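Have a look at the structure below before the remarks.
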Amino acid sequence: MTARRIAVVSAGLSNPSSTRMLADRMAAATVAALAESGEEQVDVDVFELRDLAHDITNNLLTGFAPPALESMINAVVSADAVIAVTPIFSTSYSGLFKSFIDVLDPDALTGTPVLIGANAGTARHSLAIDYAIRPLFTYLHAEPVSTGVFAASSDWGGSADQVSPLAERIERGARELAAAVTRRAPALIEDPFDPATYLGEGRSFGHLLGGLAGE
């Protein structure tokens with residue numbers, strides 16, 4: 001059985017961060033939901049954007065991704081699903097999160113299921129998922145699931161929302177993402193050194209040279 005691959009992108013700036021804590025809980029819930037659906041082989045790659053902030057900036061300035069960032073991008077765009085979590089600053093996603101999105105090819109996430117997460121100091125920012133983050137992934141032709149998971153500072157303490165607790169929201173979003181993944185064929189990892197990757201399936205350098213020679 002081919003293992004499913006989940007890429008987790010956390011845009012928290014501190015270490016440790018509540019953004020990463022939320023991302024880890026969303027990832028664990030997704031793995032559990034996939035296991036219940038019969039998908040027991042799941043690989044999870046977690047990426048902290050703060051560790052690649054300089055590489056992301058250099059990519060924006062030069063148009064070229066340093067090796068570590070390139071490896072991350074390849075893992076994200078080839079995953080079966082993406083969990084993307086950002087802190088909310090000034091009523092929207094963080095600048096670091098948007099900068100990472102800006103270095104992706106606009107079509108790289110086409111059709112990819114995405115579970116969106118966000119956290120902020122107050123629940124007043126909860127609508128940012130639907131008016132800022134969801135449209136961003138829709139523009140990229142990704143397929144964000146219906147439930148977005150927002151966590152306010154109070155959700156981590158005794159004054160948490162008792163009507164729709166954070167754990168319930170995480171589980172609901174995870175189940176939706178798991179369902180979206182199981183409906184898709186497993187994503188294939190392309191070997192950048194395989195001629196078929198850029199010449200076409202079944203073709204080789206001989207075909208290319210033959211074409212150049214007019215054969």
Side-chain angles (χ1 to χ4, degrees), residues 1-12 17-49 71-86 93 97 100-101 104-105 107-119 126 128-130 132-152 155-156 160-191 201:
M1 179 183 295
T2 302
R4 296 290 191 166
R5 292 180 293 111
I6 308 296
V8 181
V9 178
S10 172
S17 73
S18 55
T19 302
R20 174 61 187 271
M21 185 161 55
L22 177 59
D24 287 343
R25 290 186 60 177
M26 292 167 65
T30 300
V31 171
L34 283 168
E36 291 180 1
S37 301
E39 300 280 357
E40 297 183 354
Q41 297 184 38
V42 182
D43 295 330
V44 179
D45 294 312
V46 182
F47 301 99
E48 290 268 16
L49 293 186
S71 177
M72 175 194 174
I73 291 173
N74 289 338
V76 171
V77 302
S78 66
D80 290 288
V82 172
I83 296 173
V85 188
T86 176
Y93 38 71
F97 182 80
F100 172 68
I101 296 297
L104 298 179
D105 184 285
D107 297 320
L109 293 178
T110 297
T112 302
V114 178
L115 175 57
I116 299 169
N119 67 289
S126 61
I129 285 181
D130 289 320
I133 309 173
R134 189 178 301 280
L136 180 62
F137 283 104
T138 300
Y139 171 79
L140 295 173
H141 305 293
E143 297 182 359
V145 299
S146 298
T147 297
V149 182
F150 179 86
D155 283 312
W156 305 106
D161 183 355
Q162 300 301 316
V163 177
S164 181
L166 178 59
E168 288 186 8
R169 303 197 300 272
I170 290 175
E171 183 177 350
R172 183 166 63 247
R175 289 185 180 279
E176 291 176 6
L177 186 65
V181 169
T182 56
R183 289 195 296 266
R184 293 162 48 90
L188 300 177
I189 302 177
E190 291 186 342
D191 181 356
E201 189 65 36

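Just so we're clear, the structure is a prediction, and the values are computed from it rather than from any experiment.
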Would you say the side chain of [Y] lies within less than 4.5 Å of the side chain of [X], judging by non-hydrogen atoms?
| X | Y | answer |
| --- | --- | --- |
| Leu49 | Met72 | yes |
| Val114 | Val145 | no |
| Glu143 | Thr110 | no |
| Phe97 | Val85 | no |
| Val31 | Glu39 | no |
| Leu115 | Thr30 | yes |
| Asp130 | Phe150 | no |

How far does [atom1] of [X] sit from [atom2] of [Y], to the nearest 0.5 angstrom?
| X | Y | atom1 | atom2 | result |
| --- | --- | --- | --- | --- |
| Ile101 | Ile133 | CD1 | CD1 | 10.0 Å |
| Ile73 | Asp105 | CD1 | CG | 10.0 Å |
| Thr86 | Tyr93 | OG1 | OH | 9.5 Å |
| Ser18 | Arg25 | OG | CZ | 12.0 Å |
| Arg4 | Asp80 | CZ | CG | 5.0 Å |
| Ser126 | Asp155 | OG | CG | 10.0 Å |

Any donor-acceptor pair under 3.5 Å from Glu176 side chain to Thr147 backbone: yes
Nearest heavy atoms of [X] and [Y], plus distance in Å:
| X | Y | value |
| --- | --- | --- |
| Ala29 | Ile170 | CB-CG2, 3.7 Å |
| Arg184 | Gly111 | NH1-O, 2.5 Å |
| Val76 | Val9 | CG2-CG2, 4.0 Å |
| Val149 | Arg169 | CG2-O, 3.6 Å |
| Ile129 | Ala118 | CG1-CB, 3.9 Å |
| Val44 | Ala27 | CG1-CB, 4.3 Å |

Stepwise side-chain contact (heavy atoms from CB on, under 4.5 Å) test for Ser10 and Phe47: CA-CA 6 Å; Ser10 172; Phe47 301 99; over 6 Å; no
Any donor-acceptor N or O pair under 3.5 Å, side chains Ser78, Arg5: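 Judged by distance alone, the side chains do pair up.
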Geometric class of the His141/Tyr139 ring pair [parallel <30°, tilted 30-60°, perpendicular >60°]: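 Parallel, since the angle between the ring planes stays under 30°.
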Salt bridge Arg172-Glu168, side-chain N to carboxylate O under 4.0 Å: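 Between Glu168 and Arg172 there is no salt bridge, as every charged N stays at least 4.0 Å from the carboxylate O atoms.
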Derivation and outcome, side-chain contact (heavy atoms from CB on, under 4.5 Å), residues Ile6 and Leu34: CA-CA 11 Å; Ile6 308 296; Leu34 283 168; 4.2 Å; yes
